[in-house]
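Just dropping this structure here.
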Amino acid sequence: MDTLILKGEKAYSYGAELINKGEIVAFPTETVYGLGADCFNTSAVLKIFEAKGRPQDNPLIVHISKKEQIFDLVKPFSETVDKLINRFMPGPITIIFKKSDKVPNMVTANLDTVGIRMPKSAEARAFIDACKTPIAAPSANRSTHISTTTYKHVYEEMQGLIPLIIQGEDCEVGIESTILDMTSEIPTILRPGAITATMLLEVLKEVKTFEGVVKVALAPGMKYKHYAPQAEMLVVTNCDIANEIYKQKLAEGATPVILCFESNMDKYNNKQIISLGKDTKEACKNIYSAMFEADKIGNYILCEDLSKDELGKSIMNRVLKASGGKIK
Ligand code: TXA
Ligand code: MG
């Protein structure tokens with residue numbers, strides 16, 4: 001299959017045509033690129049699982065462009081949830097609701113809940129509007145690989161497997177949406193992201209952050225090793241350790257690469273480095289792209305500890321998954 005890359009109005013209308021014919025299409029959002037299908041068409045949804053190589057017990061989230069689309073997809077919800085929607089949507093958040101009977105079980109992997117996301121990106125919204133149906137979409141990467149944040153990386157991952165990539169700007173946020181479960185007794189963050197616990201507390205009285213043991217029934221995706229580059233990866237807590245391990249890896253015949261804050265670049269003379277930018281906001285935008293590029297120029301990735309603030313901790317949630325939890 002040839003994979004076409006289009007942008008702008010042409011891309012939205014051809015993308016919608018494909019979606020309405022039961023095909024799948026990659027599209028930009030402000031978090032990461034998505035791989036979408038008409039959420040009511042199970043044979044289209046199946047194509048997503050096939051193209052990604054994704055296990056079918058890992059549910060998809062459903063993307064909408066207008067608030068009124070929610071009511072078809074979920075059971076009635078509380079006033080607090082309504083406030084959350086009004087405050088944070090559109091934006092980089094996915095809220096878990098009790099699902100309506102209209103949402104096919106294949107989308108939610110037989111759970112009685114469904115994740116709903118309304119992207120902020122104008123490109124994503126134009127595409128979803130054109131489709132005139134909610135779009136089930138995971139991130140546009142092969143299963144177990146890292147998410148894609150540029151259309152070129154989508155192409156490298158998905159070429160030959162999908163008919164169309166809608167080209168957009170590089171993703172502004174750069175990591176996947178915060179997932180907030182509003183069906184549990186206490187609202188629970190199942191995946192941290194750019195909407196932080198502190199921000200959610202503007203609306204909620206309390207919020208649990210998801211830590212520790214994986215609860216399969218709650219967040220099926222969490223049991224899979226996610227977001228891993230091909231290269232082995234290690235998180236380093238300071239520049240001296242990074243320099244020391246870099247030297248050691250070189251001596252072992254490996255090709256190391258350091259991902260670091262811009263301000264630390266001069267601490268790594270004559271070494272292969274990729275700058276993540278000047279602060280955690282820039283690091284968030286750049287992290288997946290940097291891992292993708294690091295994979296091309298090296299086979300051992302050292303990443304600085306970025307957990308300077310809440311957003312930094314959300315990024316580290318992804319980086320530590322990529323490193324298999326290894327930190328020195
Ligand atoms: O930013 C994002 O969320 C991106 C863009 C494309 O919107 N999407 C994304 O989708 O990251 P995906 O499928 O790669 O990650 C969604 C995660 C998975 O780990 C899945 O297990 C979890 O959400 N999930 C989906 N439905 C769920 C549900 N009903 N309950 C709990 N977790 C759910
Ligand atoms: Mg994903």
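One-based numbering along the sequence shown. When reading the values below, keep in mind they use all heavy atoms of this one structure, side chains included, and skip hydrogens, waters and symmetry mates. As the structure lists them, so they are numbered: ligands from 1, and atoms in each ligand from 1.
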Under 4.0 Å from a heavy atom of Leu111: which atoms of ligand 1 are those, numbered in the order shown and with their elements?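 Ligand 1 atoms under the 4.0 Å threshold to Leu111: 28 (C), 29 (N), 30 (N).
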
Options Ser143, Ala194, Pro59, Ala137, ranked by nearest heavy atom to atom 24 (N) of ligand 1, top entry: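 Nearest heavy atom to atom 24 (N) of ligand 1 lies in Pro59.
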
Under a 4.0 angstrom heavy-atom cut-off, which atoms of ligand 1 come close to Ser177?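 Counting atoms of ligand 1 from 1, those under 4.0 Å from Ser177 are 1 (O), 2 (C), 3 (O).
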
Which ligand 1 atoms are under 4.0 Å away from a heavy-atom of Ile179?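 Near Ile179, meaning under 4.0 Å from one of its heavy atoms, ligand 1 has 17 (C), 22 (C), 23 (O).
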
For ligand 1, which atoms have a heavy atom of Asn58 less than 4.0 angstrom away?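 It comes down to these atoms of ligand 1: 18 (C), 20 (C), 21 (O).
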
Would you check if there is a donor-acceptor pair between the side chains of Thr148 and Asn141 at a distance under 3.5 Å?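 Checked: Asn141/Thr148 side chains show no N/O donor-acceptor pair below 3.5 Å.
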
Can any side-chain N or O of Glu304 pair as donor or acceptor with the backbone N or O of Val236 at less than 3.5 Å?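 Judged by distance alone, no pair lies under 3.5 Å.
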
Mind checking whether Thr108 contacts ligand 1 via backbone (N, CA, C, O), side chain (CB onward), both or neither, at a 4.0 Å heavy-atom cut-off?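 The answer is neither; Thr108 stays 4.0 Å or more away.
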
Where does His63 meet ligand 1, judged by heavy-atom distances below 4.0 Å: at the side chain, the backbone, both, or neither?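 Under 4.0 Å from ligand 1, His63 contributes side-chain atoms alone.
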
Between Tyr155 and Gln167, does any side-chain donor sit less than 3.5 Å from a side-chain acceptor?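 Absent: no donor and acceptor within the cut-off.
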
Counting only heavy atoms, which portion of Thr113 has something under 4.0 Å from ligand 1: side chain, backbone, both, or neither?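 Under 4.0 Å from ligand 1, Thr113 contributes backbone and side-chain atoms.
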
Give a yes or no on whether the backbone of Leu302 and the side-chain of Lys249 come within a donor-acceptor separation of less than 3.5 Å.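 Not confirmed, Lys249 side chain does not pair with Leu302 backbone.
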
With respect to Arg117, determine whether any N or O atom, backbone or side chain, lies less than 3.5 Å from an N or O atom of ligand 1.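 Yes: some nitrogen or oxygen of Arg117 is under 3.5 Å from one in ligand 1.
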
Kindly say whether Pro119 contributes a backbone atom to a donor-acceptor pair with the side chain of Arg125 at under 3.5 angstrom?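 Here the side-chain-to-backbone pair exists.
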
Would you tell me whether Asn20 and Lys132 have side-chain atoms, one donor and one acceptor, within less than 3.5 Å of each other?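 Per modelled atom types, Asn20 and Lys132 side chains form no pair under 3.5 Å.
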
Should Thr29 be counted as touching ligand 1, given the test is an N or O pair under 3.5 Å?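 No; the residue has no nitrogen or oxygen that sits under 3.5 Å from a nitrogen or oxygen of the ligand.
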
Which option wins on minimum heavy-atom distance to atom 8 (N) of ligand 1: Asp57, Ile61, Thr188, Ile48?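 Ranked by closest heavy atom to atom 8 (N) of ligand 1, first place is Ile61.
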
Work out whether the distance between some heavy atom of Arg54 and some atom of ligand 1 is less than 4.0 Å.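 The answer is yes: ligand 1 sits under 4.0 Å from a heavy atom of Arg54.
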
Checking only N/O/S atoms, does Ser139 have one that is under 2.8 Å from the Mg ion (ligand 2)?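 Yes.
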
Decide whether Ser65 and Asp129 meet the rule of one side-chain donor and one side-chain acceptor closer than 3.5 Å.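 Side-chain D/A pair, Ser65 to Asp129: present.
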
Parallel, tilted or perpendicular: ring planes of Phe27 versus His63, cut at 30 and 60 degrees: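 Plane angle over 60°, so perpendicular.
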
Going by atom types only, do Lys271 and Asn243 share a side-chain donor-acceptor pair under 3.5 Å?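 Per modelled atom types, Lys271 and Asn243 side chains form a pair under 3.5 Å.
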
Which of the atoms of ligand 1 are close to Gly34, meaning less than 4.0 Å from one of its heavy atoms?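 Atoms satisfying the 4.0 Å criterion: 6 (C).
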
